[in-house]
Amino acid sequence: MADFLEITRPDDAHVHLRDGAALGCTAAFSAAQFARALVMPNLLPPVTGVAEALAYRGRILEALGPEPEFEPLMALYLTDETRPAEVRRVAETPGVLAFKLYPKGATTHSQAGVTRLAALAPTLEAMQEHGVPLCIHGEATDPGLDVFDREKIFVAETLAPLLEEFPGLRVVLEHITTREAAQFVGAARAGVAATITPQHLLLNRNDLFAGGLRPHHYCLPLLKRAVHQRELQRVAISGNPRFFLGSDSAPHSAAAKESACGCAGCFCAPVAIELYAEVFDALDALDKLEGFASHFAAEFYGLPRNTSRVRLERKTWRVPETIELSPTEESVPLWAGRELSWKLA
């Protein structure tokens, strides 16, 4: 049994860094773990244009201080008003990589999300033409649906027709949670990929209620049955480059998570690569971690592989119960108070 593991420094293909007072904390945790991260645009107001994305990127770099060893890569928020001209600007702007599709009402800060995808056909055609990826929060939002079926229905009724209509569109189905999504991506045409979070690999829906309601395990899409968790684990360790690391780290204050209407999202950035190592080790697949964490996202987005390396050591330690999110707020990280067997050196 090896006492350490060295891999190419990983990338996070899906992270929420927030803004304002918390940004220094959230950016620092991601920078400590990853070389690059694709930063989600669902701020208030959302980041809908290249100019706003570059301004946000500037705030991230400023929060990290001089010469950070971290590159924030930006996504724009797709709305009903997004036009092909903005797609062309993305294609021409280094450091701005993709658009993020939030169906309106699907998750945190999705109020400005898309209401009718068909009306965006010219914009999607421009994305196809310019090779700009579309990152998708893949859930149907009909309030009459069972909340645990929202991803499965979106894949069948929205994603499958979208890929047929736009055969050259590059798509990432973000933070997949179901067997149906994993199998769909695995069998899809070229140019389709998916991210997988540590929480959906480590937990299933029983963990939402273990010992009482667990608000810090509440995320969207929701945790699913163990059968879906096992399928996510299978594809994550398969070596299939369609599946790669996207933490979906989404920090909220403890008070916001524990309120009557708790916020959705798991703050996993402080321990992300250790959590993934825990899963891959338990599945006897540590040799597959480097591809999943460090190579496959870069290949999908046309980025060079990172040249630096990181070292994980086999070491039992306890995740802190809370982490300071800002001078006035604390956040509860994923796996708070529990032991891990791997530590980033």
Side-chain angles (χ1 to χ4, degrees), residues 1-15 30 32-38 135 172-188 190-204 223-224 226-249 266 268-269 271-316 334-335 339-345:
M1 184 181 294
D3 293 328
F4 67 92
L5 174 69
E6 286 191 356
I7 63 171
T8 303
R9 193 173 175 202
D11 294 319
D12 188 347
H14 186 116
V15 70
S30 287
Q33 295 252 331
F34 299 103
R36 298 173 292 214
L38 184 58
C135 303
V172 181
L173 187 59
E174 300 288 357
H175 41 54
I176 60 170
T177 65
T178 59
R179 177 172 55 185
E180 289 83 2
Q183 292 178 352
F184 180 89
V185 171
V192 179
T195 57
I196 307 178
T197 75
Q199 52 267 29
H200 290 107
L201 291 172
L202 286 161
L203 305 171
N204 60 62
L223 300 171
K224 302 299 194 297
V227 64
H228 299 288
Q229 178 192 13
R230 289 192 293 270
E231 182 65 10
L232 298 185
Q233 292 173 344
R234 185 189 71 79
V235 298
I237 67 169
S238 67
N240 186 335
R242 291 174 179 265
F243 301 97
F244 43 79
L245 186 158
S247 73
D248 194 23
S249 181
C266 296
C268 56
V271 288
I273 195 63
E274 290 101 332
L275 292 171
Y276 284 110
E278 200 83 6
V279 173
F280 279 66
D281 190 18
L283 297 173
D284 195 26
L286 279 173
D287 61 315
K288 303 294 187 183
L289 179 61
E290 185 173 37
F292 176 84
S294 309
H295 296 164
F296 299 156
E299 291 167 2
F300 181 87
Y301 284 105
L303 303 169
R305 287 185 180 180
N306 299 314
T307 56
S308 60
R309 298 180 69 77
V310 298
R311 181 183 177 100
L312 288 154
E313 296 179 348
R314 192 181 294 277
K315 176 183 178 181
T316 300
L334 187 62
W335 229 244
E339 289 187 345
L340 286 173
S341 302
W342 289 94
K343 188 79 171 69
L344 186 63

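- When atom types are taken as modelled, the side chain of N306 and the backbone of R9 share a donor-acceptor pair closer than 3.5 angstrom.
- Across A272 and F34, no two heavy atoms sit closer than the pair CB-CZ, 3.8 Å.
- Aromatic ring orientation, F292 versus F280: tilted (interplanar angle from 30° to 60°).
- L223 CG to T197 OG1: the interatomic distance, rounded to the nearest 0.5 Å, is 8.0 Å.
- Contact detail for P10 and S294: the closest heavy-atom pair is CA-OG, 3.5 Å.
- Take A32 and apply the side chain to side chain contact (heavy atoms under 4.5 Å, CB included) test, not counting sequence neighbours, and it matches no residue.
- Closest approach of L38 and Y301 over heavy atoms only: CD2-OH, 3.5 Å.
- To the nearest 0.5 Å, atoms CD (E6) and CG (L312) are separated by 9.5 Å.
- The structure places OG1 of T316 at 12.5 Å from NZ of K343, a figure rounded to the nearest 0.5 Å.
- Take A37 and apply the side chain to side chain contact (heavy atoms under 4.5 Å, CB included) test, not counting sequence neighbours, and it matches D12, V15, F70.
- Partners of C266 by side chain to side chain contact (heavy atoms under 4.5 Å, CB included), not counting sequence neighbours, listed by chain and number: Q199, C219, L334.
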Practice item. Could you please spell out the steps behind the side-chain hydrogen bond (donor to acceptor under 3.5 Å, both in side chains) verdict for K224 and T177? Key: CA-CA 7 Å; K224 302 299 194 297; T177 65; 2.8 Å; yes

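- Across every non-hydrogen atom of L286 and W342, the tightest pair is CD1-CZ2, 3.5 Å.
- Taken to the nearest 0.5 Å, the CH2 atom of W335 stands 13.0 Å off from the CD atom of E274.
- Listed by first and then second residue, the salt bridge (Lys or Arg N to Asp or Glu O under 4.0 Å) pairs that reach into residues 285-298 are E290-R309, sequence neighbours excluded.
- A donor-acceptor pair under 3.5 Å links the side-chain atoms of R314 to the main chain of A2, judged by distance alone.
- Of the candidates D11, I273, V310, I273 is the only one forming a side chain to side chain contact (heavy atoms under 4.5 Å, CB included) with Q33.
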Practice item. Check the pair L173, F184 against side chain to side chain contact (heavy atoms under 4.5 Å, CB included), reporting the backbone distance first and the verdict last. Key: CA-CA 10 Å; L173 187 59; F184 180 89; 5.6 Å; no

Under 3.5 Å, which donor-acceptor pairs do the side chains of residues 232-240 form with other protein atoms, sequence neighbours left out?
unit_1 : atom_1 : unit_2 : atom_2 : d
Q233   : NE2    : L201   : O      : 2.9
R234   : NE     : E231   : OE1    : 3.2
R234   : NE     : E231   : OE2    : 3.2
R234   : NH2    : E231   : OE2    : 2.7
S238   : OG     : V235   : O      : 2.7
S238   : OG     : N240   : N      : 3.1
N240   : OD1    : R242   : N      : 3.0

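- Atoms CG and CG, on L289 and L283 in that order, are 11.5 Å from each other to the nearest 0.5 Å.
- The two residues Y276 and P198 have their closest heavy-atom pair at OH-CD, 2.9 Å.
- The only option from E174, H200, H14, H175 that meets the side-chain hydrogen bond (donor to acceptor under 3.5 Å, both in side chains) definition with T195 turns out to be E174.
- Every side chain to side chain contact (heavy atoms under 4.5 Å, CB included) that N204 has, sequence neighbours left out, goes to N206, D207, A226, Q229.
- Counting all heavy atoms, side chain and backbone alike, H228 lies closest to E180 at CE1-OE1, 3.4 Å.
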